[in-house]
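Since the structure comes first, as structure tokens, the remarks are kept for the end.
Residue numbers start from 1 in every chain, and the chains themselves are labelled A, B, ... in the order their sequence lines are given, proteins ahead of strands.
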2 protein chains.
Amino acid sequence: MKPVTVYDIAKEANVSVATVSRVLNNTAPVKKETRERIMELINKYQFQPNALARSLIKKETGMIGIILPDITNPFFPQVLSGFDREVRNKGYTYFLCDTMSADYDVADQYVRESQYLNALCEKQVDGIVMIGGRVDLAKPSRELVTEVLDIGKRVPILLINGDLPGASLHRVATDERLGAELAARHLLELGHRDIAIVGGYRNMRNTIQRTSGVVRTMERSGLKVRKEWVLGEGFSVDSGEAFIGQLLSMPERPTAVFCMNDLVAIGVLKGAVKAGLRVPRDLSIVGCDDIPFAANSIPGLTTISLKASELGRTAAEIFHKLIAGEKVRKTTVLQPELIVRESTAPIRA
Amino acid sequence: MKPVTVYDIAKEANVSVATVSRVLNNTAPVKKETRERIMELINKYQFQPNALARSLIKKETGMIGIILPDITNPFFPQVLSGFDREVRNKGYTYFLCDTMSADYDVADQYVRESQYLNALCEKQVDGIVMIGGRVDLAKPSRELVTEVLDIGKRVPILLINGDLPGASLHRVATDERLGAELAARHLLELGHRDIAIVGGYRNMRNTIQRTSGVVRTMERSGLKVRKEWVLGEGFSVDSGEAFIGQLLSMPERPTAVFCMNDLVAIGVLKGAVKAGLRVPRDLSIVGCDDIPFAANSIPGLTTISLKASELGRTAAEIFHKLIAGEKVRKTTVLQPELIVRESTAPIRA
DNA sequence: TCGTAAACGGTAACCGGTTTCACTAAGGGC
DNA sequence: GCCCTTAGTGAAACCGGTTACCGTTTACGA
């Protein structure tokens, strides 16, 4: 069954396609009876205008692309949810481009990132938002920068919690260093002096910033972080379990662990409990991200909220302004927040 | 800067657009030098063919729509991840249409479902997959059936864990009743006789099937489920906490709780621990879904795996066949699996 | 009664690709 | 030498909308 088109409607209503188009978009006055006649036919045939054809000439598609590393990491659904809520009522739909989940090969991730960037561009999306992946690298490769820059000339690109020095893209980010400082200060106030830092990847900006936030805060109090207590690499629960295993096998143990994200923190918690430690009595743990599960673990996880959903919401707002042609500040910074739950406690005397 | 088109390339290469199109798709032989000349220009200008224009005439877009209730519920990212893995290498991209997250108004959810269905259809997606929402209702409304049926005539629709009697759509589902039976049998084997069933919504098929699975298994052993121990409504952690609160306030308490999903189970666990119970010593808990967190809670959650990622993968496979025009069995049923962890234990004498 | 602007609507160009059809030239079999 | 393929290419139609441009009516004030 061939789909009905404006031509079919026009013919049966004895008008031109232009008129049909006009009632569709009410972009010009149409006589009441004519309009009604056309509307009737539209309902009769359940006519749905072909968005491809429309977008082709209008040069806007109402489509946005979101590139992220792993939808399976609860942080991203949070971001997405904030984003979604903001765009869905404005008639936008978005492509979800997951570069890594179900397949943790970093090299593949990077090529997929490029593939998606191109695919989205060909599909004429109105904008692209990128989270994580290569834009989160401390030193993004020259090629990436030129690639993104090139695409960025054709379609607005927005970075969430990422940066591409030299590309000068719009971005919204949480102040990660401040977040880490908040966490470190909290631990210091509880009397902890021996703090480990675990997880993340040392080539990623977030890891570097968070680490430096903790180190700096310690140093301001005249304390140091032991080198052997800084453990990488990984952002998963499993890696967290491995880290705590390593720490517990050391002759001298920290009294608190700062984890690069909540997943790692959960792994640390799990490993610690398995090893017979009681949290927070024997070990304080603080995570980062405030994924929904952080509130539901036992004990509840003290963590830094990166304001995931607000990040998404803000990104969406910026997009609207960008698409509407408004001037927007290049960088928007959100404030992290320390969420104190039950996984941290004063050090025992 | 106007984007470059096949015409620009053709002109500069002194060929017709037809030839450019031919090298782009290599759909017909082109002389080697001509091809090279064109390829050079394509690289020079970073030419990206406009997918809208292409799709308009090809009548295939390489776009799929996924409608689900709440990306924030970890079950769905799992499904998505399986789906993604299967489609991404075939060049498909998909729209994520979240109908509920960040806004738990069921009425809104339903209108959004319709809106997305239409929007996706207008965007000429090659297929639509629906999970949850109205297609998960025990008695879907007449209107929904005709609506979906109508859309379904234009684009293939696939239901995951849902059904629309009368619409005869393709669907892939896990045998939910069997899953519940597995759980119940496990509890019976551990000696439990007093089992509560909490969570879900009584107008949803999954809730009805799972409940009946438990009830039936009990009855086969000559046991009954007490009416006052069957508690609804809700799929969230908070509702789980409320349910256990209610149960604990009753004069007679169950020794085990079957939860309609893992989120509820986590809530029950949390509430039980807060109330001073020890799990599984004082109370056995079994969930459903096997979300990633189930393995990471303390104690680890015994649960029924609905094979989320396999569900997604299978859906993707079916789509490929459907789009390729192959004949596909209407219904594919996956087997659930009991995952025994630490939240269930033999009843104490 | 006339002039002018607003209302109304049609024609055709346009968006940027793909594909059919027709044509030329070269190669191969007889 | 003739016919048939096949390689290589271009012109133009097509996909299904929107819109610039223009012509005809109609309403209304002078």
Side-chain angles (χ1 to χ4, degrees), chain A residues 1-39 41-42 45-63 118-119 121-126 154-155, chain B residues 1-39 41-42 45-63 118-119 121-126 154-155:
Chain A
M1 188 188 62
K2 280 201 51 159
V4 354
T5 71
V6 276
Y7 288 90
D8 303 322
I9 301 283
K11 187 189 267 180
E12 192 161 337
N14 276 317
V15 295
S16 74
V17 291
T19 305
V20 176
S21 176
R22 283 192 266 258
V23 344
L24 241 30
N25 308 285
N26 58 54
T27 143
V30 173
K31 211 199 298 180
K32 198 168 167 233
E33 338 159 7
T34 314
R35 150 173 281 115
E36 280 168 1
R37 190 149 33 100
I38 292 172
M39 285 305 283
L41 290 169
I42 288 176
Y45 292 115
Q46 297 276 16
F47 169 68
Q48 293 178 306
N50 184 321
L52 297 177
R54 170 179 290 162
S55 300
L56 188 54
I57 187 132
K58 283 253 204 163
K59 279 155 181 2
E60 60 176 58
T61 53
M63 309 188 304
N118 280 297
C121 198
E122 287 184 4
K123 289 199 159 55
Q124 314 295 118
V125 293
D126 292 339
R154 304 169 196 211
V155 25
Chain B
M1 188 188 62
K2 279 200 51 156
V4 353
T5 70
V6 276
Y7 289 89
D8 303 323
I9 302 284
K11 188 189 267 178
E12 192 161 339
N14 275 318
V15 294
S16 73
V17 291
T19 304
V20 176
S21 175
R22 283 191 265 259
V23 343
L24 240 31
N25 307 284
N26 60 56
T27 142
V30 173
K31 211 200 296 183
K32 195 165 168 237
E33 335 160 9
T34 315
R35 150 172 282 116
E36 279 168 1
R37 189 148 33 98
I38 291 172
M39 285 306 283
L41 290 170
I42 287 176
Y45 291 116
Q46 298 275 18
F47 168 68
Q48 293 178 305
N50 184 321
L52 298 178
R54 170 179 291 163
S55 299
L56 188 54
I57 188 139
K58 285 252 205 164
K59 280 157 181 359
E60 60 175 58
T61 54
M63 310 189 302
N118 279 297
C121 198
E122 288 184 6
K123 289 198 158 59
Q124 314 295 116
V125 293
D126 292 338
R154 305 173 195 210
V155 26

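- Nearest heavy-atom pair, B/Ala10 versus B/Ser16, reported as atom, atom and distance to 0.1 Å: CB-C, 3.7 Å.
- In 5' to 3' order, the nucleotides of DNA chain C bounding all contacts with chain A (an atom under 4.0 Å from a heavy atom) are C/dA7 to C/dG16.
- Of all heavy-atom pairs between B/Pro49 and B/Leu24, the closest is CB-CD2, 4.3 Å.
- With hydrogens and angles ignored, no donor-acceptor pair under 3.5 angstrom links the side chain of B/Arg35 to the base of D/dG8.
- Between the C1' atom of D/dT18 and the CZ atom of A/Arg22 lies a distance of 10 Å, rounded to the nearest Å.
- Within the nucleic acid shown, B/Asn14 comes within 4.0 Å of sugar-phosphate atoms alone, with no base atom in reach, counting heavy atoms only.
- For the pair A/Lys31 NZ and D/dT24 P, the computed distance is 17 Å after rounding to whole Å.
- Contacts of A/Tyr7 classified as side-chain contact (heavy atoms from CB on, under 4.5 Å), with partners at least two apart in sequence or in another chain: A/Thr5, A/Val17.
- Residue B/Val15 is in sugar-phosphate contact alone, with no base atom involved, counting any heavy-atom pair closer than 4.0 Å across all strands shown.
- Rounding to the nearest 0.5 Å gives a distance of 12.0 Å between CD1 of A/Ile57 and CG of B/Leu52.
- Atom C1' of nucleotide D/dC14 and atom OH of A/Tyr7 are separated by 10 Å, given to the nearest angstrom.
- Checking B/Thr34 against B/Lys59, the closest nucleotide of DNA chain D that is more toward the 5' end is the one next to B/Thr34.
- Counting non-hydrogen atoms under 4.0 angstrom, B/Thr19 reaches the backbone sugars and phosphates but no base.
- The residue among B/Ala53 and B/Ala18 whose nearest nucleotide of DNA chain D lies closer to the 5′ end is B/Ala18.
- With rounding to whole Å, A/Asn25 atom CG is found 15 Å from D/dA20 atom C1'.
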* Yes or no on side chain to side chain contact (heavy atoms under 4.5 Å, CB included) for A/Arg22 and A/Val15, after CA distance, side-chain angles and deciding distance? -> CA-CA 11 Å; A/Arg22 283 192 266 258; A/Val15 295; over 6 Å; no
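- A donor-acceptor contact under 3.5 angstrom links the side chains of B/Gln48 and A/Arg154, judged on distance only.
- B/Thr5 comes within 4.0 angstrom of the backbone, heavy atoms only, and of no base.
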* **Working for side chain to side chain contact (heavy atoms under 4.5 Å, CB included), residues B/Phe47 and B/Leu41** => CA-CA 8 Å; B/Phe47 168 68; B/Leu41 290 170; over 6 Å; no
